[in-house]
Number of protein chains: 2
Amino acid sequence: MTADGAPGRPNRPPTMKEIAVAAGVGLGTVSRALSDGHHVSAATRARVQDAARELRYRSSALGRGLKRQQTDTIGLIVADLSNPFYGEFAQGVLTGAQARNRHVIVGSSGEDPASELDYIDLLLEQRVGGIIAFPTGQNIESWEAARALGVRIVFADRTIDGFDAPSVVVDNAGGARELTQHLIDLGHQRIGYLGGPLDVSSGRLREEGYRAALAGAGIPAVELLIVRQGFIRETAHAHALRLLDERPSAIVASNNVLGEAVLAALRDRGLRYPADVSIAIFDDVPWSRLTQPAMTVQAQPSAELSRTAVELLLSNEAADAEIMLPTQLIVRESTRTFTSRL
Amino acid sequence: MTADGAPGRPNRPPTMKEIAVAAGVGLGTVSRALSDGHHVSAATRARVQDAARELRYRSSALGRGLKRQQTDTIGLIVADLSNPFYGEFAQGVLTGAQARNRHVIVGSSGEDPASELDYIDLLLEQRVGGIIAFPTGQNIESWEAARALGVRIVFADRTIDGFDAPSVVVDNAGGARELTQHLIDLGHQRIGYLGGPLDVSSGRLREEGYRAALAGAGIPAVELLIVRQGFIRETAHAHALRLLDERPSAIVASNNVLGEAVLAALRDRGLRYPADVSIAIFDDVPWSRLTQPAMTVQAQPSAELSRTAVELLLSNEAADAEIMLPTQLIVRESTRTFTSRL
DNA sequence: CTGAAAGCGCTAACAA
DNA sequence: TTGTTAGCGCTTTCAG
């Protein structure tokens, strides 16, 4: 009725040796019977398994890891789990890991290199077998060190110059360019851009895509219309307001959080979209089709992104394998033909 | 210039023994110098630390955990990381854990007891020190077993009948009641409810709150207006449509994903809110203020929820400590006075 | 303050 | 097929 052992006092789980005694076999036999099952007679194996079940045996990943000098652990470093993009990605990684009998230590860097470094060290201490990360772009030496230690590194969404790791990214430049081009096709010229920092490759490439579209149409880039910030919620609102005050006729927001900020800023200023300003967002999230009008977005295949990242981690792709996934432009109602105000 | 050691071949990280040799001291001294630093002369400690830095020493959590028979690992089992509510919660746990030099193995059960069981077993194998979970309500025996093994359990948002664990919840019943009462105060009588499963305590309590509000106002509960489903995205849309077809004048959605589904269903049916039907959502998310009209919600203090969960896990509160956090009704524009159609 | 040694639970190599 | 043994890296006695 009650739990076995003295309740209240933390019980130690049974060890293999105890199973061996209970089953009347040697230690090695238990190990074999419980793992591959090779080199053990069916009868013995059954006896061992019975004993293990009886005593509620739980193998110790600690002992196994120490002996084998490797673990089944995957490290995942995202930028911010409260951003649904990372949430979906992490969910995908978890699902993939569970299917392969692995578990995941998750870290969230907040785009802060110091925090990222913390996590790298931590994961190394845990002797993880591999790490999937959205790198901040710093800490190259630690990434090198990790790899030198035999830890497989896979970068998602971003790459780092000077450090080749297998990576899976979306076509950031192409996607941003297409998004901007869509606005240009609608007749917009004064197109604002609310973007992330340039030292993150995805941020840089999206801005390049934006600029490329402008250049392709012969529209000069106006620096006042290009506002950069940290991809982070905190400061986004103020930046969005600043951008709005430059009176663009359309705005490209380079991720979903920034898109939220633009909408909030719009509301603050009493402006309406797409009447007063067209809005296009890089990154799709569930709410984008719920707003009235619904948002025009460049969707990223987040499920495929995470699935590919896990595959890449567990496969033997070369270090310079860079898989690029296409984005998909979804035109809804937040963008419309430019009409001069007044 | 290149990494030390033969590049390409997975290098083994240096062990304490190697540090000991390099620093010309004994193994035990290295351990002491690198951990508490007690019982070691300042000079020796400095020498050891230098050697450790020199050789890029990374302690092995495996060795330490095996010897100490405990780890700094925290297990976290949520229902679905792609749901922003869990994303925010997980982010909070990660932040709290990092501040306390702990790391987190995250699992996502998808509300599936079998998956939850998988994760419990896995975390037990890893010899985690504690687990924070949104329990499915099943697997009581495994929770018991975990506790018997000395693993501290903290439940978040939900409790399980028949298993007392320290827990932090929000006032689900009170919050749902208040949300429903708000609708009643606006003159609504035919109030639909889109809810979660009854075997999850938060789902059950929210429905009870809804029913209590109705009962308090002398409004009979109409079972056709009460639609239950899995708190999950997949089937939510169809259920929302079904509920809409019952022609309620107002709807309570019992979490943010269900709220999304209601909005999408509304759009499908060509209905408008709050003109055709008032909408109130349990659970606040960033997009709720971005829709036009903005959503009336019952906000949960997710930051406080996760912070409390971590504190509870790391403290020594009694097993039956149940901390209940208040929710906050935020009335926006999606609810309005009932006016008979036609 | 410091060194030596035992042993945590497990796997793998070697004997039998 | 099975038992025995060594040892993974670390902490923690116990001597000195």
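Computed from a predicted model, the values in this text were never measured in an experiment.
- Across all strands shown, Ser35(B) has no heavy atoms under 4.0 Å from either base or sugar-phosphate atoms.
- Scored by the salt bridge (Lys or Arg N to Asp or Glu O under 4.0 Å) test, Glu304(B) finds no partners at all (sequence neighbours excluded).
- Pairs passing the salt bridge (charged side-chain N to carboxylate O under 4.0 Å, His left out) check and including a residue from residues 118-128 of chain A, sequence neighbours excluded, read Asp121(A)-Arg58(B), Glu125(A)-Arg64(B).
- We find that CD of Gln70(B) is positioned 13 Å from C1' of dT12(D), with the value rounded to whole Å.
- Between its opening and closing five pairs, the helix from dC1(C)-dG16(D) to dA16(C)-dT1(D) changes axis direction by 40°, a value rounded to 10 degrees.
- Applying the side chain to side chain donor-acceptor pair (under 3.5 Å) test to Asp72(A) and every residue at least two apart in sequence or in another chain returns nothing.
- Residues forming a side chain to side chain donor-acceptor pair (under 3.5 Å) with Ser167(A) (at least two apart in sequence, or on another chain): none.
- Leu62(A) has its CG atom 13 Å from the P atom of dC10(D), to the nearest Å.
- In this structure, Glu111(A) pairs ionically with Arg158(A), as a charged nitrogen and a carboxylate oxygen lie closer than 4.0 Å.
- Between Arg47(B) and Glu54(B), none of the side-chain N atoms (NZ, or NE/NH1/NH2) sits under 4.0 Å from a carboxylate O, so this pair counts as no salt bridge.
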Which side-chain N or O atoms in residues 99-106 of chain A pair as donor and acceptor under 3.5 Å with protein atoms at least two apart or in another chain?
residue   : atom : partner  : partner atom : Å
Arg100(A) : NH1  : Gly96(A) : O            : 3.2
His103(A) : NE2  : Thr73(A) : OG1          : 2.9

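- For DNA chain C, the contact window with chain A, defined by any atom under 4.0 Å from a protein heavy atom, covers dG9(C) to dA13(C) in 5' to 3' order.
- When the salt bridge (Lys or Arg N to Asp or Glu O under 4.0 Å) test is applied to Asp50(B), the partners found at least two apart in sequence or on another chain are Arg53(B).
- Thr44(A) is linked by a side chain to side chain donor-acceptor pair (under 3.5 Å) to Ser41(A), counting only residues two or more places apart in sequence or in another chain.
- With rounding to whole Å, Ile19(A) atom CD1 is found 17 Å from dG3(D) atom C1'.
- Residues from residues 42-50 of chain A placing a heavy atom under 4.0 Å of any atom in DNA chain C do not occur.
- Atoms NE2 (His38(B)) and C1' (dT12(D)) sit 16 Å apart, rounded to a whole Å.
- Two rings, from Phe155(A) and Phe134(A), have their centers 6.0 Å or more apart.
- With the nearest nucleotide of DNA chain C identified for both Ser41(B) and Arg127(B), Ser41(B) has the one nearer the 5' end.
- In this structure, Arg147(B) is positioned above the aromatic face of Phe163(B), its NZ or CZ under 6.0 Å from the six-membered ring centre and within 45° of the axis.
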Are there any protein N/O atoms within less than 3.5 Å of an N/O atom in nucleotides 4-8 of chain D, and if so, which ones and at what distance?
residue : atom : partner  : partner atom : Å
dG7(D)  : N2   : Lys67(A) : NZ           : 3.4
dC8(D)  : O3'  : Gln69(A) : NE2          : 3.2
dC8(D)  : O2   : Lys67(A) : N            : 3.3

- Task: Start with the C-alpha gap between Thr136(B) and Val200(B), add the side-chain angles, then the distance that decides, and say whether side-chain contact (heavy atoms from CB on, under 4.5 Å) holds.
- Result: CA-CA 6 Å; Thr136(B) 62; Val200(B) 171; 5.6 Å; no
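- Within 4.0 Å of Ser60(B), counting heavy atoms only, lie sugar-phosphate atoms of the nucleic acid but no base atom.
- Checked against side chain to side chain donor-acceptor pair (under 3.5 Å), Thr95(B) has the following partners two or more places apart in sequence or in another chain: Gln91(B).
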